[in-house]
Amino acid sequence: MPLNDQQQARLEKIRELRAQGVDPYPPRSSRTLAAADAVTRFVEVEPHLGGQPDPEPVTVAGRVVSIRDMGGSVFSHIRDGSGSIQLFLRRDTLGAEQLAWFKRYVDLNDFVEADGHLFRTRSGEISLQVTALRLLSKAINPPPDKWHGLTDVETRYRQRYVDLMTNPATRQVFVTRALVIRAIRRYLDERGFLEVETPTLQPVYGGAAARPFTTYYHALDQTFYLRISDELYLKRLIVGGYDRVYEICKDFRNEGIDARHNPEFTMLEFYVAYADYYDIMKMCEELIVFTAQEALGTLLLSWGPHMIDLTPPWPRISFREALLRYTGIDFLTVTDQPTLYRLARELGADVRPDTVWPRILDELLKTFVRPELIQPTFVYDYPVALSPLAKRKPEDPRLVERFQLFVGGLELANAYTELNDPLDQFYRFLEQARDRMRGDEEAMPIDEDYINALMYGMPPTGGFGLGIDRLIMLFTNRQTIREVILFPQLRSKPEPLGLTEDLQPYLDLVPGIHDPLAGEDFPVEANSG
RNA sequence: GGGCUGGUAGCUCAACUGGCAGAGCAGCGGACUUUUAAUCCGCGGGCUGUGGGUUCGAGUCCCACCCGGCCUACCA
């Protein structure tokens with residue numbers, strides 16, 4: 001597929017510029033003010049100017065995002081990271097030759113810098129009366145539709161750079177994302193937490209129920225796994241004597257991709273010695289409220305058709321009550337699988353005759369409870385079989401001290417009083433091993449070293465995990481996790497963009513290259529992105 | 001994995017029951033010295049996702065495949 005007419009025209013302009021001795025990609029800019037700062041400056045000095053342009057020369061720079069050619073004058077907006085400013089290129093000011101040069105060689109998407117004087121146009125827009133203009137970087141690809149922007153979802157994800165340069169809303173999502181993560185760090189740092197880094201490549205995976213990605217470590221001649229969780233490492237650090245640790249990291253789960261799941265996602269986990277799950281619940285509430293205030297400045301969130309109010313305290317409902325309320329089933333009295341299965345089927349839950357008892361409970365929670373929990377809600381005290389790393393409730397060993405936070409129908413956080421009894425932990429691992437033998441690929445393998453760590457003694461500890469991506473979804477009102485991940489996972493395209501072939505005729509435009517390699521018959525292979 | 005749905009110009013989208021593949025923006029040429037999606041005149045631009053098939057004739061119908069989206073399943 002050859003380059004299109006617009007790309008060819010722009011490459012020809014590069015050829016002409018090179019021939020004129022103009023570098024289309026100079027190494028430096030001499031910008032003196034960001035676009036937004038230039039506007040601010042003019043607002044400040046304007047009262048003293050008596051309607052005249054600011055006599056102080058300034059230089060602004062940015063991407064050309066619009067050009068309106070009026071003949072003897074041209075209006076053009078340029079945009080940098082701070083914002084945008086209008087350039088006014090006037091034949092009388094710039095000179096006929098420079099104006100013609102601009103019209104001939106500058107296209108949308110190019111980066112330019114302009115010297116000139118700030119002033120206000122008749123229609124009231126603060127602009128730069130341009131006295132000189134230089135090309136900073138020549139763009140070969142034109143921008144998408146100036147009014148609709150780029151809307152094709154696939155292209156938006158595959159070529160996120162185009163999405164970002166076109167759609168301000170997309171840029172804002174990732175600004176919010178950064179603010180959220182910054183606020184989380186601040187909250188934890190101010191409370192004496194130690195930020196740590198634990199292995200991404202793990203010889204034994206654990207801390208969650210999921211299929212891992214597998215890789216091979218040549219130097220060690222051994223199979224490794226990309227972490228599905230950092231939980232077991234962080235608790236080793238509690239054993240080691242740190243009282244408060246946290247890590248924000250990518251976890252990897254080799255599972256389906258949908259609106260709430262990306263195989264590679266960002267998780268916050270923190271652990272607090274001498275705390276239990278009630279303490280953690282309180283911190284969870286504080287952390288999310290703090291983060292919303294810092295990143296959004298409000299506790300009221302639009303979420304699809306709903307308004308979510310994060311004002312604490314958030315309601316707490318036990319797993320048992322929740323199930324009772326939304327399904328009428330009391331799981332503490334329905335302890336046999338066949339009866340639970342029958343009741344679940346009567347409610348219309350998608351369970352099979354061989355679905356094990358705890359999985360049916362989980363299915364009921366997901367189907368009937370979770371979608372109802374739009375306002376922030378803690379569900380607590382889970383059945384032990386669903387939670388192999390959580391401590392049992394002393395007054396009822398069928399339950400564990402665990403809670404999950406649901407907001408907007410999303411499972412946002414998961415926490416428990418950590419199981420620190422090495423023998424009980426060993427027993428839970430054995431149960432997992434049994435499930436594994438029965439074909440549950442997601443059951444955890446036994447981690448002997450972790451048991452060994454617990455055998456050295458771990459203080460009573462509360463632990464917490466938060467899905468950062470889902471929190472960002474909630475804060476930015478995005479219903480798809482892909483919208484809050486810069487480069488979400490997509491299947492590779494079978495045919496590449498074709499640039500490897502198409503660009504070869506233009507290699508002579510690279511300065512200093514006398515032997516362009518293009519004539520050599522090397523295989524045309526490219527990443528498809 | 002299953003169901004539904006989509007892929008047409010650089011971008012956003014049309015094209016009835018199978019009958020000459022179109023528009024807007026962008027581009028190219030021209031006019032215009034305060035515009036704001038500038039305006040006006042003119043002109044180019046297509047492997048209709050890929051490969052087969054049916055037909056006098058396929059963007060349209062059939063089959064297979066590729067890549068998306070939604071739902072579902074899986075994801076304690």
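Letters A, B, ... mirror the listed sequences (proteins, then strands); counts begin at 1.
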Would you please confirm or rule out a distance under 4.0 Å between OP1 or OP2 of B/rG68 and any side-chain N or O of A/Arg491? yes
Across all chains, not counting sequence neighbours, the side-chain hydrogen bond (donor to acceptor under 3.5 Å, both in side chains) partners of A/Asp115 are A/Thr59, A/Arg134
Pairing check on B/rG6: which nucleotide meets the Watson-Crick or G-U wobble criteria with it, both distances under 3.5 Å? B/rC67
Rounded to whole Å, please give me the gap between CD in A/Gln8 and P in B/rA9. 17 Å
Go through the N and O atoms of the side chain of A/Ser73 and the base of B/rU34, and report whether any donor-acceptor pair is under 3.5 Å. no
If you assign each of A/Glu154 and A/Arg91 to its closest nucleotide in RNA chain B, which residue comes earlier from the 5' end? A/Arg91
Is A/Arg68 near enough to B/rU35 that one of its side-chain N or O atoms lies under 4.0 angstrom from OP1 or OP2? no
Donor-acceptor side-chain pairing of A/Asn414 and A/Arg402 below 3.5 angstrom: yes
Would you indicate, yes or no, if B/rG69 has its OP1 or OP2 atom less than 4.0 angstrom from a side-chain nitrogen or oxygen of A/Thr480? no
Give the rounded distance in Å between these two atoms: CD1 of A/Ile257 and P of B/rG69. 9 Å
Nucleotide-resolved protein contact map, nucleotides 26-31 of chain B, B/S/- at heavy-atom distance under 4.0 Å: BSS---
Between atom OH in A/Tyr157 and atom P in B/rG68, what is the gap in whole Å? 12 Å
Who pairs with B/rU12 - Watson-Crick or G-U, where each distance is under 3.5 Å: B/rA23
Between A/Thr151 and B/rC13, is there a contact of a side-chain N or O with OP1 or OP2 at under 4.0 Å? yes
Pairwise C1' distance, B/rC67 and B/rC20 [rounded to whole Å]: 31 Å
Salt bridge (charged side-chain N to carboxylate O under 4.0 Å, His left out) against A/Glu154, all qualifying residues, sequence neighbours excluded: A/Arg158, A/Lys493
Is it the case that B/rC75 (base atoms only) and A/Asp258 (side chain only) share a donor and an acceptor within less than 3.5 Å, ignoring hydrogens and angles? no
Once you round it to whole Å, what is the distance between P of B/rA23 and NE2 of A/His148? 17 Å
Under 4.0 Å between a side-chain N or O of A/Arg482 and OP1 or OP2 of B/rC70? yes
Could you go step by step and tell me if A/Thr367 and A/Glu363 meet the side chain to side chain donor-acceptor pair (under 3.5 Å) rule? CA-CA 6 Å; A/Thr367 308; A/Glu363 182 65 25; 3.1 Å; yes
Determine which pairs satisfy salt bridge (Lys or Arg N to Asp or Glu O under 4.0 Å) with at least one residue from residues 411-421 of chain A, sequence neighbours left out, and list them in order. A/Lys235-A/Glu418
Polar pair under 3.5 Å, donor/acceptor by atom type, side chain A/Gln86, base B/rU35: yes
Not counting sequence neighbours, list each pair that qualifies as a ring pair (Phe, Tyr, Trp, His ring centres under 6.0 Å) and has a residue in residues 332-355 of chain A. none
Return the pairing partner of B/rG1 with a 3.5 Å limit on both distances, Watson-Crick or G-U wobble; otherwise return none. B/rU72
List in chain and number order the residues that pass salt bridge (charged side-chain N to carboxylate O under 4.0 Å, His left out) with A/Glu46, two or more places apart in sequence or in another chain; answer none if no residue qualifies. A/Arg120
